Amino acid sequence: MPRRPFACFLVKSEPDAYSIDDLARERRAPWDGVRNYQARNIMRDRMKKGDPVFFYHSNASPPGLVGLARVASAAKPDPTQFDPSSPAYDPRATPDAPRWWLVDLEFVEKFPRFVPLAELRADPALDGMELLRRGSRLSVQEVEDRHALRLLELAGARSRWAKRIRAELAARTNA
DNA sequence: GCCAACGTTGGC
DNA sequence: GCCAACGTTGGC
């Protein structure tokens with residue numbers, strides 16, 4: 001039984017709250033505190049262990065694409081929803097009926113080239129990306145193959161794993 | 001700091 | 001089910 005082909009994703013984070021450097025330091029982190037149903041559904045239903053995840057800095061100056069991570073776990077309940085001392089506490093959730101889900105992310109690389117939002121917007125190859133939609137606020141998004149391939153090119157991704165992903169995306173996109 | 005766009009809540 | 005009010009996101 002062949003493994004499902006990977007799908008690509010993107011997460012946004014405000015670097016003041018949690019940056020790519022934080023993930024680089026921690027190596028691996030639960031992507032907790034997400035309180036949007038669409039974003040939850042993507043983590044719970046779409047992300048699989050081993051999928052590539054682009055890391056984007058929002059509310060930064062300038063905002064832009066900074067690195068690459070990888071889904072490192074299956075989806076599981078977000079423990080912060082049960083913790084009254086957490087800002088992400090949700091009194092409606094119970095361990096028997098969790099409302100919010102997360103996956104763990106692991107650090108892969110900080111890109112050699114930071115790609116500012118303005119450059120992403122100016123690139124015709126990225127037309128149609130969720131991130132670039134007017135008024136888009138979704139903090140966990142799926143990324144189409146052709147867009148993922150372009151992002152890896154623009155950022156000059158150089159990790160061995162990124163190169164493998166890139167080759168596979170190129171093959172898939174041409175198929 | 002401003003403000004447009006968005007998602008959620010809650011009255012009806 | 002509608003929709004106004006509200007809080008949040010995030011670019012600029």
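Just so it is clear, the model here is predicted, and its values are computed rather than measured. A note on names: the letters A, B, ... follow the listed sequences, proteins ahead of strands, and every chain is numbered from 1.
OP1 or OP2 of C:dG10 has at least one side-chain nitrogen or oxygen of A:K12 nearer than 4.0 Å. Checking the phosphate oxygens (OP1, OP2) of C:dG11, a side-chain nitrogen or oxygen of A:Y56 falls inside 4.0 Å.
The separation between A:Q38 atom CD and B:dT8 atom C1' is 14 Å, rounded to whole Å. Rounded to a whole Å, the CH2 atom of A:W100 is 10 Å from the C1' atom of B:dG7. Rounded to whole angstrom, the span from the CD atom of A:E14 across to the P atom of C:dT9 amounts to 7 Å. When rounded to the nearest whole Å, the span between CD of A:E130 and P of C:dT9 equals 16 Å. Here B:dG7 presents its P atom at 12 Å from CD1 of A:I42, a figure rounded to the nearest Å. In this structure, A:L131 places its CG atom 16 Å from P of C:dT9, rounding to the nearest Å. One atom, CG of A:L138, and another, P of C:dT8, lie 18 Å apart when rounded to the nearest Å. Atom P of nucleotide C:dT9 and atom CG of A:D16 are separated by 14 Å, given to the nearest angstrom.
By the 6.0 Å contact criterion, CZ on A:R99 is enclosed, its count of non-hydrogen atoms from other residues, nucleotides or ligands being greater than 12. Other residues, nucleotides and ligands contribute only 12 or fewer heavy atoms inside 6.0 Å of the CZ atom of A:R164.
The side chain of A:L117 approaches C:dG11 more closely than any other nucleotide in the set C:dG11, B:dG7, B:dT8. Considering only side-chain atoms of A:Y37, the nucleotide from B:dT8, C:dC12, B:dC6 that sits closest is B:dT8.
Across all strands shown, A:R92 has heavy atoms under 4.0 Å from sugar-phosphate atoms exclusively, and none from any base.
No salt bridge links A:D90 with A:R35; every basic N to acidic carboxylate O contact stays at or beyond 4.0 Å.
In this structure, A:G156 and A:P112 approach most closely via the heavy-atom pair O-CG, 3.1 Å. Of all heavy-atom pairs between A:Q81 and A:Y89, the closest is O-CD1, 3.2 Å.
Comparing A:N36 and A:N59, the nucleotide of DNA chain B nearest to each residue sits closer to the 5' end for A:N59.
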